[in-house]
Protein chains: 2
Amino acid sequence: MLSHKAKYALKALLYLAEQDENHISRTIEIADGANIPKKFLEQILLDLKRGRFVSSKQGKFGGYYLIKSKNEITLAEIHRLFDGAIALLPCASLNFYEPCSDCKTESECSLRHGLMLIRDKTLKAMEGITIASLVNK
Amino acid sequence: MLSHKAKYALKALLYLAEQDENHISRTIEIADGANIPKKFLEQILLDLKRGRFVSSKQGKFGGYYLIKSKNEITLAEIHRLFDGAIALLPCASLNFYEPCSDCKTESECSLRHGLMLIRDKTLKAMEGITIASLVNK
DNA sequence: ATTAATTCTATCGATTTACTAGGAATTAGA
DNA sequence: TCTAATTCCTAGTAAATCGATAGAATTAAT
């Protein structure tokens, strides 16, 4: 399941994607528009900024705007940024790989092979969902 | 990601699937064989029993054994039993459906449609992974 | 009865989650 | 330069969840 953070991030990005080019959205505006607790959203937007999905203008009349094309922001990326690995176990993960601590024979985790199949399919599906694909759905 | 419980459950089922027909496995035997904390495994086996994947014989010479064919136990079922919904949000779930609380227009959650596509693909993949398919991998 | 096993209930500590609070830093306009 | 509006940053917190443990009750074979 997605965390609230990830869900809110998607909704915030969706909100930003729906605005006119060059429009700068204040946090409060996004919070109201997408029904997200404002202070919580602040943190999320900062995370999205660190992840280079959005950028911001500070001070009066400041706010946030997309810096990545809505066609290029995928569910997979947002999942990784907020909720980490897409694979079901660390030993089956590409970006968050860690060996199993409880597998007797390191390289022969009985679950790994099957879970890597799942990961590949899930990942492909998640890369197919972009912010653009969600707009006006 | 899978919880430890779900992971241990899969490993326990795998262990049981590898035993001779009619063999009854004690908890301690499974725990040692699959490297699972014994007391924790107890709970997991009880959950698996409630889920009708295994059954048990009590008392001396008691233990656990599979009552469902290893071809019919899928990753999807184990995920649902221990970790709940396979979908990324409750509003996109088949078995654990709940409406979003933060979506303005109930039936028009902006994420729902995309997440249902993911769910369908992930579910299909997870239903393809059975205990039998994992044995000797 | 004794022994060895499952079953059941309760609890614990640590971590994570979902927020909230308060204020510092930054910017623009009056 | 002052003020208002905004982002940015650091803590803190209540609740839930997770991973695991403890111990007593129950059951069955000998």
Side-chain angles (χ1 to χ4, degrees), chain A residues 1-12 16 23-32 34-67 79 81-85 88-90 96 100-102, chain B residues 1-12 16 23-32 34-65 67 79 81-85 88-90 96 98 100-102:
Chain A
M1 294 278 262
L2 289 182
S3 66
H4 282 205
K5 257 194 176 175
K7 179 178 70 169
Y8 290 155
L10 289 168
K11 292 176 84 173
L16 291 177
H23 177 69
I24 287 189
S25 305
R26 287 171 303 145
T27 306
I28 188 70
E29 193 185 313
I30 306 172
D32 290 349
N35 220 26
I36 304 169
K38 194 217 164 197
K39 276 299 212 176
F40 199 24
L41 178 59
E42 270 186 23
Q43 294 179 5
I44 293 164
L45 287 168
L46 285 174
D47 287 336
L48 285 171
K49 188 181 174 186
R50 289 185 202 107
R52 313 221 175 252
F53 294 97
V54 304
S55 190
S56 68
K57 186 166 175 301
Q58 284 195 113
K60 200 171 183 180
F61 302 114
Y64 291 91
Y65 52 95
L66 281 185
I67 54 168
H79 190 285
L81 182 59
F82 291 96
D83 294 348
L88 289 171
L89 286 183
F96 296 84
C100 319
S101 54
D102 59 318
Chain B
M1 295 278 264
L2 290 182
S3 65
H4 282 203
K5 257 192 175 175
K7 179 178 72 171
Y8 290 155
L10 289 169
K11 291 175 84 173
L16 291 176
H23 178 69
I24 288 188
S25 305
R26 288 172 302 147
T27 307
I28 187 70
E29 190 185 319
I30 306 172
D32 289 348
N35 218 29
I36 304 170
K38 194 215 164 199
K39 275 301 216 174
F40 199 22
L41 178 59
E42 267 185 26
Q43 293 180 4
I44 293 164
L45 288 167
L46 286 174
D47 287 335
L48 285 172
K49 189 182 175 185
R50 289 185 201 107
R52 312 218 176 257
F53 294 97
V54 304
S55 189
S56 69
K57 186 166 176 299
Q58 283 194 118
K60 200 170 183 179
F61 301 114
Y64 292 91
Y65 52 95
I67 55 169
H79 190 285
L81 183 60
F82 292 95
D83 294 349
L88 290 171
L89 286 183
F96 297 84
E98 276 182 60
C100 319
S101 54
D102 59 318

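These numbers come from the heavy atoms of this one structure, side chains and all, not from hydrogens, waters or symmetry mates. So that the names make sense, note that chain A is the first sequence line, chain B the second, and so on, each numbered from 1. As the structure is a computational prediction, the values presented were derived from the model and not from experiment.
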Practice task
Would you mind reading off the distance between B/K60 atom NZ and C/dT7 atom P, rounded to a whole angstrom?
Solution key: 18 Å
Handout entry: Partner residues of A/S25 under the side-chain contact (heavy atoms from CB on, under 4.5 Å) criterion, sequence neighbours left out
Key = A/Y15, A/L16, A/Q19, A/H23, A/E29, A/I30
Under 3.5 Å, side-chain donor or acceptor atoms of residues 37-48 of chain B against the rest of the protein: list the pairs with distances, not counting sequence neighbours.
{"residue": "B/D47", "atom": "OD1", "partner": "B/R50", "partner atom": "NH1", "Å": "2.9"}

Problem - Partners meeting side-chain contact (heavy atoms from CB on, under 4.5 Å) with A/A85 (sequence neighbours left out) - result: A/S93, A/F96, B/M1
Practice task
Send over the distance from A/Q58 CD to C/dT26 P, rounded to a whole Å.
Solution key: 7 Å
Problem - side-chain contact (heavy atoms from CB on, under 4.5 Å) partners for A/Y65, two or more places apart - result: A/I24, A/S55, A/I67
Practice task
Have a look at A/G62 and say if it touches a base, only the backbone sugar-phosphate, or nothing, with a 4.0 Å heavy-atom cut-off.
Solution key: sugar-phosphate
Practice task
Whole angstrom is fine here: how far is it from CD1 in B/I28 over to P in C/dA5?
Solution key: 9 Å
Exercise for the section: With sequence neighbours excluded, tell me which residues meet side chain to side chain donor-acceptor pair (under 3.5 Å) with B/K49. Expected result: B/S56
Handout entry: Distance, nearest 0.5 Å, that separates CZ of B/R26 from CZ of B/F61
Key = 9.5 Å
Handout entry: Spacing of B/L16 atom CG relative to C/dT6 atom P, expressed in whole Å
Key = 12 Å
Practice task
Assign each of B/L41 and B/F61 to its nearest nucleotide of DNA chain D by heavy atoms, then name whichever residue's nucleotide is nearer the 5' end.
Solution key: B/L41
Practice task
Provide, to the nearest angstrom, the distance between the NZ atom belonging to A/K7 and the C1' atom belonging to C/dA18.
Solution key: 11 Å
Practice task
Describe the nucleic acid contact of B/K49 in one word from base, sugar-phosphate, nothing, applying a heavy-atom distance below 4.0 Å.
Solution key: sugar-phosphate
Practice task
Measure the distance from CG on A/L46 to P on C/dT26 and round it to the nearest whole Å.
Solution key: 14 Å
Handout entry: Contact under 4.0 Å: A/K57 side-chain N or O vs C/dA28 OP1/OP2
Key = yes
Problem - Any residue meeting side chain to side chain donor-acceptor pair (under 3.5 Å) with B/S3, in chain and number order, not counting sequence neighbours - result: B/D83
Problem - Covered region of DNA chain D, 5' end to 3' end, by chain B [heavy atoms, under 4.0 Å] - result: D/dG19 to D/dA29
Handout entry: Straight-line distance of A/K5 NZ to A/I36 CD1, nearest 0.5 Å
Key = 13.0 Å
Dump every N/O contact between nucleotides 19-21 of chain C and the protein below 3.5 Å, one line per pair.
{"residue": "C/dC19", "atom": "OP2", "partner": "A/H4", "partner atom": "ND1", "Å": "2.8"}
{"residue": "C/dC19", "atom": "OP2", "partner": "A/Y8", "partner atom": "OH", "Å": "3.1"}
{"residue": "C/dT20", "atom": "O4", "partner": "A/Q43", "partner atom": "NE2", "Å": "2.6"}

